[in-house]
Chemist: 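Structure incoming, see below.
The first residue of the sequence shown is numbered 1, and numbering continues consecutively from there.
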Amino acid sequence: FMTAVEILCKNCGMSMPTTADSEEMAKRKRERDRIYSVLKASTEFYHNNLINNPNSLQAQYLKKRGINEDMINKFQIGASLNYDDLITHLKNLGFSSEEMVLAGVAGKKENGQLYDFYGTRLLFPICNGFGDVVAYSGRAVEDNPKIAKYKNTPQTQVFNKSEIMFAYNFVRDLKKEHMLDTIIIVEGHIDVISCHQAGVTNTIGCMGTALTTLHARKIKQLVENVILCLDGDSAGANATYKAIDTLKEVGLNVKVVRLSNAKDPDEYIKKFGKDKFLEELYSGQDCVDFVITDSAKKYDLTSNLDKNQYINEALNYISKFSSEAEQEIYLSEVQKLVKVPIDALRKSLKRDN
């Protein structure tokens, strides 16, 4: 909030308002500013590591995934080559141990020794809406089953994972340029980067975490329309169902795309190209139609028992809509699948309500 006030005051040529708590607020602001400075210096350090070491495992991983230099620069992708160099670099710049830990770039051993929290990983910087780096997602590039695939920044004074989305700053810029009416949501960092590399720059990533109401509200600030294009596995399907509810809750129009013959957008674009990917996006299914038809796949609708279970599940979902007209639209979709008179479905819906 204070950052927003400061920006508004600066734009209007006004001085910052003062309050009885101004000294404490000023202290917190100085702490946040130092954290931002640590993150900026760390991002530059990691990025230079990647650029200056083209034979590193991190650089080779990006080459293997087909990520070009323009995207590496746009997303400020970086590399940690060991556990010590970043700490030395930041100390030489005058940052304290406490500031490094508060920023989330340093961990502390039991003996008090600091180490690079993302040691030996490929770094994807996460930015806030203004383009300031607030966190990282570090991907392991060495073949070691004992190391977690991803290591992410914990909650800090400048990073709240419940409201930050990968590449949100870029779609925010598109909005300012009046070039945005729909946002595409994908899952992983590489999916987002592949979409941007293909020219589909209105894409953001939920970074493998469940979409929250805060995420949805931030999206609603920019657009009315969303396309969900999450992974095609069971985890992606569950995430899609939850995301639909969260996005519709804030009044967004949601369509769903299920990519065929590819597990995610990155693989699809590499296999079939940008134009085919755009065709898939444009043919997205209304989210409620998707839920009704997709959930039916779990049942054998030739079996009376399964058919009854499916009807109960579908009616329970339709009952969430307050508009009778909207309920009627989706009741007719259920009726097509189960071949039960629609009057019977209407009565069951009213009885359950």
Chemist: Got a donor-acceptor contact below 3.5 angstrom from the Glu326 side chain to the Ile318 backbone?
Modeler: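 Judged by distance alone, no pair lies under 3.5 Å.
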Chemist: Could you walk me through whether Asp264 and Leu259 pass side-chain contact (heavy atoms from CB on, under 4.5 Å), step by step?
Modeler: CA-CA 7 Å; Asp264 55 36; Leu259 299 173; 5.9 Å; no
Chemist: Knowing that exactly one of Leu86, Thr153, Leu123, Ile87 qualifies, which makes a side-chain contact (heavy atoms from CB on, under 4.5 Å) with Val105?
Modeler: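 Looking at Leu86, Thr153, Leu123, Ile87, the match for Val105 under the side-chain contact (heavy atoms from CB on, under 4.5 Å) is Leu86.
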Chemist: Using modelled atom types only, decide if a donor and an acceptor are shared between the side chain of Lys271 and the backbone of Asn261 within a distance under 3.5 Å.
Modeler: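 Yes; at least one donor-acceptor contact below 3.5 Å.
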Chemist: Apply side-chain hydrogen bond (donor to acceptor under 3.5 Å, both in side chains) to residues Tyr118 and Asn152 and explain how you reach the verdict.
Modeler: CA-CA 8 Å; Tyr118 304 100; Asn152 302 316; over 6 Å; no
Chemist: Are Asp181 and Val223 close enough, and set up right, to give a side-chain contact (heavy atoms from CB on, under 4.5 Å), and what steps lead you there?
Modeler: CA-CA 5 Å; Asp181 63 7; Val223 295; 5.5 Å; no
Chemist: List, one per line, each side-chain donor-acceptor pair under 3.5 Å for residues 42-49, sequence neighbours excluded.
Modeler:
from  : atom 1 : to     : atom 2 : distance (Å)
Ser42 : OG     : Val38  : O      : 2.8
Thr43 : OG1    : Leu39  : O      : 2.7
Thr43 : OG1    : Tyr136 : OH     : 2.7
Tyr46 : OH     : Asp116 : OD1    : 2.9
Tyr46 : OH     : Asp116 : OD2    : 3.3
His47 : ND1    : Ile77  : O      : 2.7
His47 : NE2    : Asn73  : OD1    : 3.1
Asn48 : ND2    : Glu44  : O      : 3.2
Asn49 : ND2    : Ala79  : O      : 2.9

Chemist: Are any side-chain N or O atoms of Glu187 and backbone N or O atoms of Met207, one a donor and one an acceptor, separated by less than 3.5 Å?
Modeler: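 Such a contact is absent between Glu187 side chain and Met207 backbone.
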Chemist: For a quick test of reading the model, state the closest non-hydrogen atom pair linking Gln60 to Pro54 and the distance between them.
Modeler: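 What the structure gives for the nearest pair is NE2-O, 2.9 Å.
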Chemist: I'd like to know if the side chain of Gln157 reaches the main chain of Ile35, judged simply by a donor and an acceptor atom lying under 3.5 Å from each other, with no hydrogens or angles considered.
Modeler: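 Checking the backbone N and O of Ile35 against the side chain of Gln157, no donor-acceptor pair under 3.5 Å is found.
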Chemist: Quick one: do Val288 and Leu230 end up in the same hydrophobic cluster if we chain Ile, Leu, Val, Met, Phe, Trp and Tyr together by side-chain heavy atoms under 4.5 Å apart?
Modeler: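 Same hydrophobic cluster.
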Chemist: Count the heavy atoms belonging to other residues, nucleotides or ligands that lie under 6.0 Å from CD of Glu69, then report whether that count exceeds 12.
Modeler: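 Incorrect, the count does not exceed 12.
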Chemist: Given the rule that I, L, V, M, F, W and Y join up when any side-chain heavy atoms are under 4.5 Å apart, are Leu81 and Met100 in one cluster?
Modeler: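 Hydrophobic grouping puts Leu81 apart from Met100.
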Chemist: So, does Arg172 use its side chain to make a donor-acceptor pair with the main chain of Gly129 at under 3.5 Å?
Modeler: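 Indeed, once roles are kept as given, a pair shorter than 3.5 Å links the two residues.
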Chemist: Quick check: does any side chain N or O of Asp132 sit under 3.5 Å from a backbone N or O of Asn128, one acting as donor and the other as acceptor?
Modeler: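 No, Asp132 side chain to Asn128 backbone: no donor-acceptor pair under 3.5 Å.
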Chemist: Can you name the nearest heavy-atom pair linking Cys206 to Leu211, along with the distance?
Modeler: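 Minimum heavy-atom contact is CB-CD2, 4.1 Å.
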Chemist: Where do Tyr241 and Phe290 land on the side-chain contact (heavy atoms from CB on, under 4.5 Å) test, with the steps shown first?
Modeler: CA-CA 9 Å; Tyr241 275 65; Phe290 167 80; 4.0 Å; yes
Chemist: Taking atom CG of Asn144 as the centre, report whether more than 12 heavy atoms of other residues, nucleotides or ligands fall under 6.0 Å from it.
Modeler: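 For Asn144, atom CG is crowded (more than 12 foreign heavy atoms under 6.0 Å).
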Chemist: Measuring from atom CG of Asn312 to atom OH of Tyr310, what distance do you get when rounded to the nearest 0.5 angstrom?
Modeler: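 One finds 11.5 Å between CG of Asn312 and OH of Tyr310.
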Chemist: Quick check on the hydrophobic clustering: are Ile227 and Leu252 connected, directly or via other members, by side-chain heavy-atom contacts under 4.5 Å?
Modeler: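 Hydrophobic grouping puts Ile227 apart from Leu252.
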Chemist: Are His89 and Phe95, when compared by the centres of their aromatic rings, separated by less than 6.0 Å?
Modeler: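 No, the ring of His89 stays outside the 6.0 Å limit from the ring of Phe95, centre to centre.
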Chemist: So that I can tick it off, tell me whether Glu280 and Lys276 are bridged by a salt bridge, with the cut-off set at under 4.0 angstrom between side-chain N and carboxylate O.
Modeler: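 The answer is no: the pair does not qualify as a salt bridge.
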Chemist: What residues, two or more places apart in sequence or in another chain, satisfy salt bridge (charged side-chain N to carboxylate O under 4.0 Å, His left out) together with Lys146?
Modeler: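 Here no residue qualifies.
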Chemist: Can you name the nearest heavy-atom pair linking Gly78 to Leu122, along with the distance?
Modeler: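 Taking every non-hydrogen atom into account, O-CD1, 3.4 Å.
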Chemist: If you draw a 6.0 Å radius around NZ in Lys270, do more than 12 non-hydrogen atoms from other residues or ligands fall strictly inside?
Modeler: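 Count over threshold, so yes.
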Chemist: If you count the non-hydrogen atoms of other residues, nucleotides and ligands that lie under 6.0 Å from CD in Gln155, is the total more than 12?
Modeler: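 Count over threshold, so yes.
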Chemist: Please say whether more than 12 non-hydrogen atoms of neighbouring residues, nucleotides or ligands are located less than 6.0 Å from NZ in Lys40.
Modeler: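 Atom NZ in Lys40 is not crowded, with 12 or fewer foreign heavy atoms closer than 6.0 Å.
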Chemist: Between Tyr268 and Phe272, how do the two ring planes meet: parallel, tilted or perpendicular, split at 30° and 60°?
Modeler: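 Correct class here is tilted.
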Chemist: Under the side-chain contact (heavy atoms from CB on, under 4.5 Å) test, which residues partner Thr302, sequence neighbours left out?
Modeler: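 Residues passing side-chain contact (heavy atoms from CB on, under 4.5 Å) with Thr302: Asp300.
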Chemist: Does Ile193 offer a backbone N or O that forms a donor-acceptor pair with the side chain of His196 under 3.5 Å?
Modeler: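 Flag not set: sc His196 to bb Ile193 has no pair under 3.5 Å.
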Chemist: Taking the six-membered ring of Phe117, is the NZ or CZ of Lys151 close enough (under 6.0 Å from the centre) and on axis enough (within 45°)?
Modeler: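 Verdict for Phe117: a cation-pi partner in Lys151.
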Chemist: Is it true that Leu174 and Val186 fall in one hydrophobic cluster, defined by side-chain heavy atoms closer than 4.5 Å?
Modeler: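 Each belongs to a different hydrophobic cluster.
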Chemist: Do the side chains of Glu313 and Lys298 get close enough for a salt bridge, i.e. N-O under 4.0 angstrom?
Modeler: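 So Glu313 pairs with Lys298 through a salt bridge.
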Chemist: Provide the closest heavy-atom pair for Gly251 versus Lys220 in the form atom of the first, atom of the second, distance.
Modeler: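 Smallest interatomic distance, heavy atoms only, reads O-NZ, 3.3 Å.
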Chemist: About how many Å separate CG of Leu331 and NZ of Lys336, when rounded to the nearest 0.5 Å?
Modeler: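 Here the rounded value is 12.0 Å.
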Chemist: Does a donor on one side chain sit under 3.5 Å from an acceptor on the other, for Asn308 and Tyr299?
Modeler: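 Distance-only check fails for Asn308 and Tyr299.
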Chemist: State whether Asp33 and Arg30 are salt-bridged, where the test is any N-O pair (Lys NZ or Arg NE/NH1/NH2 against Asp/Glu carboxylate O) under 4.0 Å.
Modeler: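 No.
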Chemist: With side-chain hydrogen bond (donor to acceptor under 3.5 Å, both in side chains) as the criterion, how do Tyr61 and Arg65 come out once you've worked through the C-alpha distance, each side chain's angles and the decisive distance to 0.1 Å?
Modeler: CA-CA 6 Å; Tyr61 174 83; Arg65 297 300 299 265; 2.7 Å; yes
Chemist: With no hydrogens and no angle check, do the side chains of Thr120 and Glu142 hold a donor and an acceptor under 3.5 Å apart?
Modeler: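 Yes, side-chain donor-acceptor contact under 3.5 Å.
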Chemist: Classify the angle between the aromatic ring planes of Phe170 and Phe75 as parallel (below 30°), tilted (30 to 60°) or perpendicular (above 60°).
Modeler: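 The rings of Phe170 and Phe75 stand perpendicular, inter-plane angle above 60°.
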Chemist: Hydrophobic clustering (ILVMFWY, side-chain heavy atoms < 4.5 Å, transitive) - are Leu247 and Met165 grouped together?
Modeler: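 Both belong to a single hydrophobic cluster.
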Chemist: Verify, without hydrogens or angle tests, whether Arg121 (side chain) and Lys149 (backbone) share a donor-acceptor contact under 3.5 angstrom.
Modeler: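 Yes, because the side chain of Arg121 sits within donor-acceptor range (under 3.5 Å) of the backbone of Lys149.
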Chemist: Do the side-chain N and O atoms of Ser295 and Tyr317 include a donor-acceptor pair separated by under 3.5 angstrom?
Modeler: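 Result is no, nothing qualifies.
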Chemist: Please state whether the rings of Tyr83 and Tyr115 are parallel, tilted or perpendicular, taking 30° and 60° as the class boundaries.
Modeler: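 Tilted, since the angle between the ring planes falls between 30° and 60°.
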Chemist: Say whether, by atom type as modelled, one donor and one acceptor occur between the side chain of Ser194 and the main chain of Asp266 under 3.5 angstrom.
Modeler: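 No.
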Chemist: Examine distances only and state if a side-chain atom of Thr246 and a backbone atom of Thr212 form a donor-acceptor pair shorter than 3.5 Å.
Modeler: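 Side chain of Thr246 to backbone of Thr212: no pair is present.
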Chemist: Please walk me through it: do Cys287 and Lys255 pass side-chain contact (heavy atoms from CB on, under 4.5 Å)?
Modeler: CA-CA 5 Å; Cys287 64; Lys255 288 191 174 184; over 6 Å; no
Chemist: What closest approach, in Å, do Thr293 and Gln285 show between heavy atoms, and which atom pair accounts for it?
Modeler: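 Closest approach of Thr293 to Gln285: OG1-NE2, 3.3 Å.
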Chemist: Taking atom CG of Asp343 and atom OG of Ser348, what is their separation to the nearest 0.5 Å?
Modeler: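 Interatomic distance, Asp343 CG to Ser348 OG, rounded to 0.5 Å: 11.0 Å.
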Chemist: Rounded to the nearest 0.5 Å, what separation is found between the CD atom of Glu333 and the CG atom of Leu345?
Modeler: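 So the CD of Glu333 and the CG of Leu345 are separated by 12.0 Å.
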Chemist: I'd like to check Glu98 versus Val101 (side-chain heavy atoms, cut-off strictly below 4.5 Å). Are they in contact?
Modeler: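 They are not in contact (no side-chain heavy atoms under 4.5 Å apart), so the answer is no.
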Chemist: Could you give the distance from CZ (Phe166) to CD1 (Ile185), rounded to the nearest 0.5 Å?
Modeler: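 Phe166 CZ to Ile185 CD1: 14.5 Å, rounded to 0.5 Å.
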